Amino acid sequence: VPIEEVIRRRISVRTFADQPLDKIILGKIDDVLSSLDNPFQIPVTIRRIESGLAENGAKLGTYGVIRGAGHFLGAAAAEGDLALEGLGYGFEKLLLYLTSLGLGTCWLGGTFKKSEFAKAMAMPEGQLFPVVSPFGLAAEKRSLADILVRRIARGDTRKSWPELFFRGDFSSPLAAEEAGDYRAVLEMVRLAPSASNKQPWRIVRDGNHFHFYQQQTPGYSKTFGYDIQRIDMGIAACHFHLTAREKGMPGKFIKIPSPLPGAPENTHYVFTWMAE
Ligand SMILES: Cc1cc2nc3c(=O)[nH]c(=O)nc-3n(C[C@H](O)[C@H](O)[C@H](O)COP(=O)(O)O)c2cc1C
């Protein structure tokens, strides 16, 4: 399935059909778990469990946000430079693969009981364990909690091009019509999921360089105890990279010391895509 179609098809699914998944599908998922890479070379631990079979008698709570999920995936990584970005990239690549198999998923960074999941998934101690995702077949009718969470996050909306993408520096917005070959690549970033749908990615195109900046939502990281929006940056890199790769547009992610002056308030540089 073309990556653009998969990205457009993905939405957060919070209500699942009470229907067991085929062993062949679960086998396919397990096969990709061990081969998930990310361009930042971050080792990411990914575990899969069936909620009914949670070992150690662990319960798996999602504060009523997720209904009927029989399966979960979780991701952990040791803290370090680009660790959460690498985790975001790798886990999103996995969730897009599940989407391509016709399964529903939902990133959960807040509404899951971390200690219960860490125990059930035997996550390595001392690592950051920021997210899980339920997966399975979407139910036909959404739960009330699902409808409310989606409405509060305004999950169906996205910021416009001029709010997200720039040309040369932050004072000149980049219009979709000016993006040339990169139009679809940037559009796929625009459609990415992000925590509370805050869409912190800002990208400045400077010739063959695309500088990725993070616009931090003030106070937001205090809620989580770490900067969850770094994960969103990794998700953006994933959508950008997979789309560019499928379109045969080579390049790589690099880090440049302070590439641009004049970044807006609360906005800092993270990495650059260098087109080749
Ligand atoms: C890092 C991250 C954490 C998230 N945490 C939660 C969460 O705790 N609970 C929840 O219901 N949705 C969570 N979401 C889902 C977002 O709310 C959702 O992606 C966004 O509203 C856009 O909607 P969409 O995914 O349907 O396109 C999270 C998304 C990301 C990327």
Side-chain angles (χ1 to χ4, degrees), residues 3-4 7-8 38-42 80-90 92-93 96 154 157-221 226-276:
I3 190 68
E4 281 186 59
I7 288 174
R8 287 182 193 281
N38 63 79
F40 311 117
Q41 278 88 47
I42 303 296
D81 190 30
L82 295 178
L84 287 173
E85 292 81 352
L87 180 149
Y89 182 110
E92 179 65 357
K93 194 171 169 187
L96 290 175
R154 301 182 68 232
T157 64
R158 289 296 186 272
K159 292 186 192 298
S160 64
W161 270 67
E163 289 172 278
L164 298 175
F165 308 131
F166 303 88
R167 171 165 56 97
D169 59 43
F170 281 97
S171 61
S172 320
L174 175 70
E177 301 73 40
E178 299 169 318
D181 287 352
Y182 275 86
R183 181 174 183 162
V185 176
L186 292 170
E187 178 65 6
M188 292 307 110
V189 172
R190 200 177 73 86
L191 300 181
S194 57
S196 302
N197 203 21
K198 289 188 185 294
Q199 308 157 63
W201 349 275
R202 302 289 177 271
I203 301 178
V204 185
R205 180 177 196 167
D206 188 8
N208 66 337
H209 288 86
F210 292 77
H211 303 301
F212 284 61
Y213 281 73
Q214 179 186 338
Q215 184 165 101
Q216 228 159 347
T217 305
Y220 195 49
S221 55
Y226 64 91
D227 183 0
I228 196 170
Q229 295 184 312
R230 288 173 56 198
I231 297 179
D232 298 338
M233 296 306 294
I235 297 174
C238 176
H239 284 208
F240 189 103
H241 199 191
L242 296 186
T243 312
R245 217 160 58 178
E246 195 170 279
K247 292 190 168 295
M249 295 154 66
K252 60 180 178 205
F253 287 104
I254 55 170
K255 264 199 167 205
I256 295 177
S258 329
L260 298 171
E265 210 182 344
N266 301 317
T267 306
H268 66 264
Y269 171 69
V270 189
F271 47 71
T272 295
W273 168 260
M274 188 174 73
E276 282 160 354

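These numbers come from a predicted model, not from an experiment.
- Contact detail for Tyr213 and Ala263: the closest heavy-atom pair is CE2-CB, 4.0 Å.
- Scanning all heavy atoms of the two residues, the minimum distance from Tyr220 to Lys198 falls at CE1-CE, 3.6 Å.
- Taking the side chain as every heavy atom from C-beta outward, Glu178 and Trp161 never approach each other to under 4.5 Å.
- Between the side chains of Gln214 and Asn266, no donor-acceptor pair of N or O atoms lies under 3.5 Å.
- Identified under the side-chain hydrogen bond (donor to acceptor under 3.5 Å, both in side chains) test for residues 200-209, with sequence neighbours left out: Arg202-Gln215.
- Atom NZ of Lys159 is separated from atom CD of Gln199 by 5.5 Å, given to the nearest 0.5 angstrom.
- For the pair Arg158 (side chain) and Leu191 (backbone), a donor-acceptor distance under 3.5 Å is present.
- For the atom pair CD1 of Ile203 and CZ of Phe212, the computed distance is 3.5 Å after rounding to the nearest 0.5 Å.
- Counting only distance, with no hydrogens or angles, the side chain of Asp232 and the backbone of Ala195 share a donor-acceptor pair below 3.5 Å.
- Side-chain atoms of Asp227 never come within 3.5 Å of backbone atoms of Ser221 as a donor-acceptor pair (strictly under, hydrogens ignored).
- What you find for Asp181 and Val185 is that their closest heavy atoms are O-CG2, 4.3 Å.
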Residues 240-261, side-chain donor-acceptor partners within the protein, below 3.5 Å, at least two apart:
residue	atom	partner	partner atom	Å
His241	ND1	Tyr89	OH	2.8
Thr243	OG1	His239	O	2.6
Glu246	OE1	Ile3	N	3.2
Glu246	OE2	Ile3	N	3.0
Lys247	NZ	Glu4	OE2	3.1
Lys255	NZ	Asp81	OD1	3.4

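- Between Leu96 and Cys238 the shortest heavy-atom distance is CD1-SG, 4.4 Å.
- Considering all non-hydrogen atoms of both residues, Pro173 and Phe166 come closest at CA-CD2, 4.0 Å.
- Asn38 and Gly90 make their closest contact through CB-N, 4.5 Å (heavy atoms, listed as atom of the first residue, atom of the second, distance).
- Remark: Glu265 CD is loosely packed, at most 12 non-hydrogen atoms of other residues, nucleotides or ligands lying under 6.0 Å away.
- Side-chain contact check for Leu186 versus Leu174: some heavy-atom pair is nearer than 4.5 Å.
- Side chains of Arg230 and Gln216 form no contact here, defined as non-hydrogen atoms less than 4.5 Å apart.
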Is there a side chain to side chain contact (heavy atoms under 4.5 Å, CB included) between Phe210 and Met274? Walk through the geometry before answering.
CA-CA 6 Å; Phe210 292 77; Met274 188 174 73; over 6 Å; no

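- The distance from atom CD1 of Ile231 to atom OG of Ser194, rounded to the nearest 0.5 Å, is 11.5 Å.
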Using the rule given for side-chain hydrogen bond (donor to acceptor under 3.5 Å, both in side chains), can you reason through Gln229 versus Thr217, listing the C-alpha separation, both sets of side-chain angles and the distance that settles it, and then say yes or no?
CA-CA 8 Å; Gln229 295 184 312; Thr217 305; 2.8 Å; yes

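- Side-chain contact between Phe170 and Thr267 is present, with at least one heavy-atom pair separated by less than 4.5 Å.
- Note that CD1 of Ile42 and CD of Glu85 are 8.0 Å apart. Values are rounded to the nearest 0.5 Å.
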